[in-house]
Amino acid sequence: MSMIDIKVAAVEQVTPLVKHFTFVKRDGSPFPAFSGGSHVVVSMNVGGRVHRNPYSLMGSPADTGAYHISVRKQEQSRGGSVFMHENVEVGTSLQITYPVNLFSLAKKAHKHILIAGGIGITPFMSQLIDLNRLNANFELHYAFRSPEHGAFADQLKAICSSKLHCYADSKGERLDLLALLSKQPLGTHVYVCGPNPMVVAVIETARNLGWPENHIHSEQFLSPGIGEPFKIQLAKSNIEVHVPAEMSMLEAIEAAGVEADYLCRGGVCGRCEVNVLESDGALLHHDHFLTDAEKAAGKKIMPCVSRARCDRLVLDL
């Protein structure tokens, strides 16, 4: 995959757990244009091992002089978010992919309901600029742990005015999804990004209320889980690859020198889907892309986030 050489132009501590990074291209030229909801994958060398993590682009899509991302320091980090927080500073050189949008706004929607939880606010920061530019009808509902963890709350007040609704858990404030989604006019689209329980709750509530499936939009990049080590056979490459406990299949395949396609690396887009040719055990699916029937059939797997518990697993790579 083509990469862009960048350097860090600014770093800001936004909340106790969130840092904001400004990137510029190393050659000083403009970045490619992007649309609200786009993300890039940041490549970083952590102790000799390459980590590639997806992050939403936050700035104005009209400003191609710099890209902006924010990173939450994860308690169960495999190294990427900790590296960004503890090792990346002004002047650090990194590489990123070209922007990709898997969470775009529905252009024909009559109204947009945006629901964010915690660091899930990031993809909406660029979308809000697009919505204001289009003079669109929208509401932003933003839930966070406590006021000090409400990243960009002041900035959002300036952007959204009365369209912003904040919910601080520490104050006992709760977002009533049923009340919110049951009173929307026809043609409304809902978008959610945040912790898994919130994403599931929004999707299930909308479905139970009879919302059309194509009016429900979600984004949640998953981190590859830690599990038991195992081995995979790559049929086309004719090599065996060891997958350590703390490494994803995709990372292990790349470390073995085999190119594998990807876009999100978070179990969302389906680009890295691989056919399973043989398996003598359980496939541990953790993606949001395959259907339940496809997962049960055991013929496909997303190596970016999924694992296996078996002695023999042969992939069509």
Side-chain angles (χ1 to χ4, degrees), residues 1-11 19-46 49-72 80-81 83-84 88 91-107 119-130 133 191 193 217-224 248 250-251 253-255 257-274 287-289 302-305 317:
M1 179 172 285
S2 298
M3 304 293 285
I4 302 173
D5 293 317
I6 62 99
K7 64 180 178 180
V8 178
V11 181
K19 276 190 174 181
H20 184 75
F21 299 87
T22 300
F23 298 155
V24 294
K25 288 184 72 172
R26 286 192 61 79
D27 62 9
S29 64
F31 279 109
F34 71 96
S35 54
S38 296
H39 77 273
V40 295
V41 174
V42 178
S43 180
M44 58 201 97
N45 191 314
V46 184
R49 176 180 150 199
V50 176
H51 284 247
R52 296 183 176 95
N53 290 2
Y55 297 108
S56 298
L57 290 174
M58 298 179 60
S60 168
D63 177 13
T64 57
Y67 277 174
H68 304 269
I69 69 167
S70 286
V71 180
R72 185 189 189 279
S81 72
F83 179 85
M84 290 293 294
V88 175
T92 297
S93 295
L94 295 167
Q95 287 189 317
I96 63 172
T97 61
Y98 284 76
V100 172
N101 199 338
L102 303 172
F103 193 49
S104 57
L105 293 166
K107 302 301 183 185
I119 195 63
I121 191 62
T122 54
F124 295 123
M125 300 298 290
S126 57
Q127 288 186 345
L128 289 167
I129 294 171
D130 280 344
R133 177 177 55 82
Y191 311 77
C193 183
H217 313 271
S218 65
E219 182 167 78
Q220 183 191 28
F221 295 130
L222 303 173
S223 295
S248 73
L250 180 58
E251 291 168 334
I253 290 166
E254 291 170 334
V258 177
E259 276 199 33
D261 206 0
Y262 69 86
L263 280 181
C264 76
R265 302 182 76 90
V268 177
C269 71
R271 179 63 70 89
C272 71
E273 177 185 303
V274 178
D287 64 274
H288 286 321
F289 184 81
M302 299 297 171
C304 62
V305 294
L317 269 177

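Residues that satisfy the side-chain contact (heavy atoms from CB on, under 4.5 Å) test with Thr92, not counting sequence neighbours, are Val8, Val88, Glu89, Leu94. The ring-ring contact (aromatic ring centres under 6.0 Å, His included) test applied to Tyr67 returns Phe31, Phe34, not counting sequence neighbours. Val24 meets the side-chain contact (heavy atoms from CB on, under 4.5 Å) test with Lys7, Ala9, Ala66; sequence neighbours excluded. With sequence neighbours excluded, the residues that form a side-chain hydrogen bond (donor to acceptor under 3.5 Å, both in side chains) with Tyr191 are His112. Listed by chain and number, the residues in a side-chain hydrogen bond (donor to acceptor under 3.5 Å, both in side chains) with Asn45 amount to none (sequence neighbours excluded). For Pro30, the side-chain contact (heavy atoms from CB on, under 4.5 Å) partners are Thr64, not counting sequence neighbours. For the salt bridge (Lys or Arg N to Asp or Glu O under 4.0 Å) test, no residue two or more places apart in sequence or in another chain qualifies with Asp63. With sequence neighbours excluded, the residues that form a side-chain hydrogen bond (donor to acceptor under 3.5 Å, both in side chains) with Glu251 are Arg49, Arg78, Ser248. Qualifying ring-ring contact (aromatic ring centres under 6.0 Å, His included) partners for His51, counting only residues two or more places apart in sequence or in other chains: none. With sequence neighbours excluded, the residues satisfying side-chain contact (heavy atoms from CB on, under 4.5 Å) with Glu254 are Arg52, Leu250, Tyr262, Arg265. Remark: Phe289 engages no residue in a ring-ring contact (aromatic ring centres under 6.0 Å, His included) (not counting sequence neighbours). With sequence neighbours excluded, no residue forms a side-chain hydrogen bond (donor to acceptor under 3.5 Å, both in side chains) with Lys19.
Residues His217 and Ala106 come closest through the heavy atom pair NE2-CB, 4.3 Å. Minimum heavy-atom separation, Pro99 to Ala33: CG-O, 3.9 Å. Looking at every heavy atom in both residues, Pro303 comes nearest to Ile253 through CB-CD1, 4.5 Å. Residue Arg271 comes nearest to Asp261 through the heavy atom pair CD-OD2, 3.0 Å, listed as atom of the first residue, atom of the second, then distance. Minimum heavy-atom separation, Leu263 to Cys269: CB-SG, 3.5 Å. Closest heavy-atom contact between Asn101 and Ser35: ND2-OG, 2.7 Å.
Side chains of Pro61 and Asp130 form a contact here, defined as non-hydrogen atoms less than 4.5 Å apart. Inter-residue side-chain proximity for Met3 and Thr97 is flagged as met; some heavy-atom pair is nearer than 4.5 Å. For the pair Ser126 and Leu57, the minimum side-chain heavy-atom distance is 4.5 Å or more. The shortest side-chain heavy-atom distance between Asn53 and Met84 does not fall under the 4.5 Å cut-off. Side-chain contact check for Val42 versus Phe21: every heavy-atom pair is 4.5 Å or farther apart. His20 is listed as a side-chain neighbour of Met58, based on a closest heavy-atom distance under 4.5 Å. With contacts defined as side-chain heavy-atom distances shorter than 4.5 Å, the pair Tyr55/Thr122 does not qualify. By the 4.5 Å heavy-atom criterion applied to side chains, Ser43 and Val50 are counted as neighbours.
For the pair Glu219 (side chain) and Val268 (backbone), a donor-acceptor distance under 3.5 Å is absent. Judged purely by atom type and a 3.5 angstrom limit, Asp287 has no side-chain atom pairing as donor or acceptor with the backbone of Met302.
Taken from CZ in Phe23 to CG in Asp5, the straight-line distance is 12.5 Å, to the nearest 0.5 Å. Between atom SG of residue Cys264 and atom NE2 of residue His39 there is a gap of 6.0 Å, rounded to the nearest 0.5 Å. Interatomic distance, CZ of Phe221 versus NE2 of His288, reported as 11.0 Å (0.5 Å rounding).
A side-chain contact (heavy atoms from CB on, under 4.5 Å) with Ser56 holds for exactly one of Ser38, Pro123, Cys193; it is Pro123.
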